Amino acid sequence: MKIKLRDEEREFESGVTTLDIAKSISEGLARVAVCGKINGEELIDLNLPITEDCSLEIITNKSPEYAEVLRHSTAHVLAQAVKTIFPTAKLWVGPATKDGFYYDIDFKTPISNDDLPVIEDEMNKIIKANFDIVRKEVTKADAIKIMKENNEPYKVELIEGFDDHEMITTYTQGDYIEVCRGPHIKSTGMIKAFKLTKISGAYLKGDSKNKMLTRIYGVVFDKKSEMDEYFKNLEEAMKRDHRKLGKDLGIFMFDELIGRGLPVWLPKGFLLRRTLTDYIMNKELALGYKHVMTPSLGNINLYKTSGHWAHYQSSMFPAMEVEDEGYVLRPMNCPHHMVIFKAFQHSYRDLPLRIAEIANDFRYEASGTLVGLERVRAFSQNDCHIFCTPEQIKSEVEGVIKLILDVYKDFGFKNYKFRLSLRDVNNKDKYFGNDELWEKSEKALREILNANKVNYYEAVGEAAFYGPKIDVQVVSALGHDITLSTIQLDYQLPEKFELEYVDENNNKCRPVVIHRAVFGSLDRSIAFILEETKGNLPTWIAPVQVKVISVSEKSASYAEGVAKQLEIKGIRIELDNSDERIGYKIRSAQLEKVPYMFILGENEANSNKVSIRKRSGEEINNISLEEAYKMIKEDIDEKRISN
RNA sequence: GCUGAUGUGGCUUAGCCGGUAAAGCACCACCUUGGUAAGGUGGAGACCACGGGUUCGAGUCCCGUCAUCAGCUCCA
């Protein structure tokens with residue numbers, strides 16, 4: 001008898017059970033079949049003998065989808081435990097997530113973190129009881145009846161939304177029944193390593209107008225060792241959190257007297273910023289960008305013209321009234337740049353015109369969303385608006401993609417993803433412009449990405465209100481998905497500002513605008529750089545590149561001389577001539593994560609040499625200052641990432 | 001903004017059941033001039049986020065405000 005498995009077809013004796021097959025393909029491990037499909041139909045009983053040729057998709061603990069099934073099933077156990085301890089609690093939904101699961105529950109009286117161990121104990125009892133998880137198909141009417149009997153109004157509401165003729169599945173474990181699409185593990189005893197991690201609020205159905213439920217988060221793993229690994233990684237991520245590194249390295253600070261979400265850049269942080277802005281502006285200049293400087297404030301009519309006031313007001317600081325005029329802090333720079341374009345006559349020969357700026361922007365972000373430099377209320381963008389003809393869109397967008405990739409290469413960024421951000425057609429009033437234009441723009445960006453063989457994914461509902469975007473997404477140490485760079489195609493603002501250029505036939509034409517930012521937020525980019533490098537900033541951007549350390553007072557003046565010479569050559573140095581011991585000074589420099597230390601004692605002074613200790617611990621002793629400088633200069637010029 | 005938690009010298013933290021604050025690092029002084037991750041001694045520094053309340057008495061209990069943290073909604 002032939003049975004077709006996922007990747008192979010195998011011969012089995014008639015009467016073999018699914019469970020036997022599962023055991024054979026999961027290499028004899030004790031915990032095997034979870035669930036599966038036979039000829040595309042959901043399996044009800046894994047112990048049923050199979051007597052005919054068939055195709056079988058079994059999920060075992062070797063299958064890629066096992067982790068998700070396990071997470072989802074653990075969420076059910078969580079729900080069962082909660083209902084046992086708090087019978088009045090009402091359940092909403094409990095899906096698996098990227099690395100765990102959660103369950104949204106409406107508690108009669110709010111629970112606290114102290115309740116988590118109690119719930120965990122109850123879950124352990126359920127796991128120990130090893131209830132079979134039994135699947136059953138019921139009609140919609142029956143499902144509603146069951147959930148009404150169980151006093152689960154949210155579940156009833158959920159089922160009412162389903163198709164009338166749809167068969168609904170229930171899963172039962174012990175005295176607990178839940179309506180669920182599945183699949184699930186075979187029995188509760190298969191859960192070996194789990195932990196409830198945190199508790200938070202979450203809006204019902206993800207809508208901030210709705211009631212807030214209590215969300216309990218947890219993680220579950222196939223093995224205890226995997227869970228230990230997970231928590232170890234979390235700890236590591238905390239260490240490279242830019243908020244910690246920024247404080248330890250003296251990069252930036254916040255102060256409540258200055259205001260929340262308003263970063264203060266300290267001397268070392270400012271040096272870092274300046275290095276980045278010099279770098280990107282030089283690159284842009286070489287590509288024909290024209291830098292401008294415009295005020296951080298604008299008349300409210302500017303934003304009424306652009307449409308930002310209508311669409312973006314809730315994220316803007318409220319207007320200030322001065323002599324019957326309203327002014328706002330700008331949340332973005334597009335309108336200012338539109339006005340610059342409009343102020344002059346343009347020939348098609350001038351296009352593309354790339355107006356760029358390192359600009360300060362202010363956004364009134366909800367207080368609960370502020371996160372270090374990741375999400376702030378005052379930030380700087382390395383912004384540019386490219387005014388071009390429709391024919392130039394392709395080459396201009398390609399140019400920006402190339403620039404982004406170039407910059408990422410220089411910084412050694414590897415873990416990023418391109419995202420094509422599209423509008424949500426079910427929510428059209430969020431966007432300006434007609435369907436035709438949107439479809440055209442989205443298609444154009446997609447084609448450019450495809451033509452340039454860029455790996456990307458599409459995301460509906462992530463577009464700007466004036467057009468689709470190509471975003472570059474990264475994941476922060478905290479696990480947040482954040483945008484680093486963006487390219488946006490815009491037909492709307494040129495229309496709003498009535499921008500024009502004259503083409504070769506002397507016709508007035510409307511340009512297209514490409515908004516782009518490589519460092520969509522300089523602040524956020526620095527946060528990401530800190531986290532990616534764990535604070536070990538590559539020499540070319542390190543605020544202090546060389547720490548010159550004298551061994552004792554006897555070599556202090558020699559150290560000062562060396563420091564001076566390096567400084568003259570443009571190396572960012574700091575001199576440590578304090579009367580601490582050498583070990584102490586090295587430790588301090590090491591904690592500051594300075595790439596190079598020059599250790600200068602009497603030996604070096606007498607032979608006119610320098611001894612170097614790198615951040616990695618590597619020592620290079622007794623070389624000439626020229627050699628040392630050459631080595632560091634090469635490091636800087638090549639923008640080496642490794643330390 | 002919402003839900004929950006937290007808030008002690010510059011930093012990291014201790015402070016049991018309410019009896020007017022403890023340590024390490026950092027800082028200052030003195031001693032030490034020492035070769036690759038912390039030399040020694042001494043000193044200064046906190047009305048315990050802020051404002052109310054309960055109490056004979058509050059860092060500790062209660063309420064409010066502000067800020068921070070986690071998540072939700074939102075987002076560069």
Side-chain angles (χ1 to χ4, degrees), chain A residues 102 104 107 110-115 197-217 238 241 243-244 247-248 250 253-261 312 314-315 331-333 361 363-376 379-383 462 464 469 471-473 478-486 488 515 517-525 527 549-556 577-591 597-604 611-615 617-621:
Chain A
Y102 65 78
D104 284 351
F107 285 95
I111 63 158
S112 73
N113 282 318
D114 302 337
D115 293 303
T197 49
K198 61 195 168 198
I199 186 168
S200 84
Y203 295 113
L204 176 63
K205 298 178 193 169
D207 188 335
S208 60
K209 286 193 267 308
N210 287 343
K211 180 173 185 176
M212 187 157 263
L213 307 180
T214 303
R215 177 171 294 180
I216 300 175
Y217 283 91
M238 300 261 282
D241 184 328
R243 291 170 297 188
K244 179 173 165 46
K247 186 185 264 187
D248 291 349
M253 60 172 270
F254 288 94
D255 184 89
E256 60 182 273
L257 193 57
I258 290 171
R260 66 195 310 191
Y312 211 81
S314 60
S315 299
M332 68 279 295
N333 324 299
D361 293 316
R363 295 185 185 176
Y364 181 70
E365 301 289 352
S367 55
T369 63
L370 302 172
V371 180
L373 294 179
E374 196 180 295
R375 201 61 190 283
V376 291
F379 66 104
S380 307
Q381 275 194 315
N382 133 250
D383 204 3
E462 294 289 347
K469 307 188 283 179
D471 294 315
V472 189
Q473 301 296 115
L478 291 147
H480 299 157
D481 192 37
I482 52 173
T483 304
L484 229 48
S485 306
T486 186
Q488 313 175 355
H515 305 239
V518 179
F519 299 130
S521 151
L522 212 49
D523 311 71
R524 182 181 278 182
S525 299
I549 299 172
S550 55
V551 172
S552 78
E553 208 169 81
K554 289 173 189 149
S555 54
N577 261 346
S578 64
D579 67 351
E580 291 293 346
R581 287 208 149 97
I582 183 69
Y584 182 89
K585 295 191 198 182
I586 287 169
R587 182 183 144 82
S588 304
Q590 198 77 47
L591 291 176
M597 289 170 230
F598 279 29
I599 314 294
L600 306 178
E602 286 178 280
N603 295 342
E604 287 78 8
S611 288
I612 294 175
R613 182 194 159 103
K614 290 201 200 179
R615 182 162 54 191
E618 186 192 340
E619 287 178 36
I620 304 162
N621 290 321

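Chain identifiers are assigned alphabetically (A, B, ...) following the order of the sequence lines, protein sequences preceding nucleic acid strands; residue numbering begins at 1 within each chain. In this text, all values refer to a predicted model and were calculated from it rather than measured experimentally.
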With heavy atoms under 4.0 Å as the rule, sort [X] into base, sugar-phosphate or nothing.
{"X": "A:T483", "result": "sugar-phosphate"}
{"X": "A:S315", "result": "nothing"}
{"X": "A:H480", "result": "sugar-phosphate"}
{"X": "A:K469", "result": "sugar-phosphate"}
{"X": "A:Q488", "result": "nothing"}
{"X": "A:S521", "result": "base"}
{"X": "A:K585", "result": "nothing"}
{"X": "A:G617", "result": "nothing"}
{"X": "A:D481", "result": "nothing"}
{"X": "A:N603", "result": "base"}
{"X": "A:A517", "result": "nothing"}

Please determine, for [N], whether a Watson-Crick or G-U wobble partner exists with both distances under 3.5 Å, and give it or none.
{"N": "B:U36", "result": "none"}
{"N": "B:U41", "result": "B:A29"}
{"N": "B:G24", "result": "B:C11"}
{"N": "B:U3", "result": "B:A70"}

Between [X] (side chain only) and [Y] (backbone N and O only), is there a donor and an acceptor less than 3.5 Å apart?
{"X": "A:R363", "Y": "A:P331", "result": "yes"}
{"X": "A:D207", "Y": "A:K209", "result": "yes"}
{"X": "A:D523", "Y": "A:F379", "result": "no"}
{"X": "A:S611", "Y": "A:N621", "result": "no"}

Atom [atom1] of [X] and atom [atom2] of [N]: how far apart are they, to the nearest Å?
{"X": "A:K198", "N": "B:U6", "atom1": "NZ", "atom2": "P", "answer": "17 Å"}
{"X": "A:Q381", "N": "B:A76", "atom1": "CD", "atom2": "C1'", "answer": "6 Å"}
{"X": "A:E553", "N": "B:G35", "atom1": "CD", "atom2": "C1'", "answer": "16 Å"}

Which listed nucleotide (B:U36, B:A76, B:C2) is nearest to the side chain of A:F379? B:A76

Between N or O atoms, less than 3.5 Å apart, protein on one side and nucleotides 64-69 of chain B on the other: list the pairs.
{"from": "B:C66", "atom 1": "O2'", "to": "A:E256", "atom 2": "OE1", "distance (Å)": "3.4"}
{"from": "B:A67", "atom 1": "OP2", "to": "A:R260", "atom 2": "NH1", "distance (Å)": "2.9"}
{"from": "B:U68", "atom 1": "OP2", "to": "A:R260", "atom 2": "NE", "distance (Å)": "2.7"}
{"from": "B:U68", "atom 1": "OP2", "to": "A:R260", "atom 2": "NH2", "distance (Å)": "2.6"}
{"from": "B:C69", "atom 1": "OP1", "to": "A:R243", "atom 2": "NH1", "distance (Å)": "3.1"}

B:C72 base to A:R215 side chain: any donor-acceptor pair below 3.5 Å? no

Please check if any side-chain donor atom of A:Q488 sits under 3.5 Å from a side-chain acceptor atom of A:T486, or the reverse. yes

Does a salt bridge link A:D241 with A:R243, judged by any charged N lying under 4.0 Å from a carboxylate O? yes

CZ-CD distance between A:R524 and A:Q381, expressed to the nearest 0.5 angstrom: 10.0 Å

Report, as a single string ordered 5' to 3', how protein heavy atoms within less than 4.0 Å touch nucleotides 38-46 of chain B: B base, S sugar-phosphate only, - not at all. BB-------

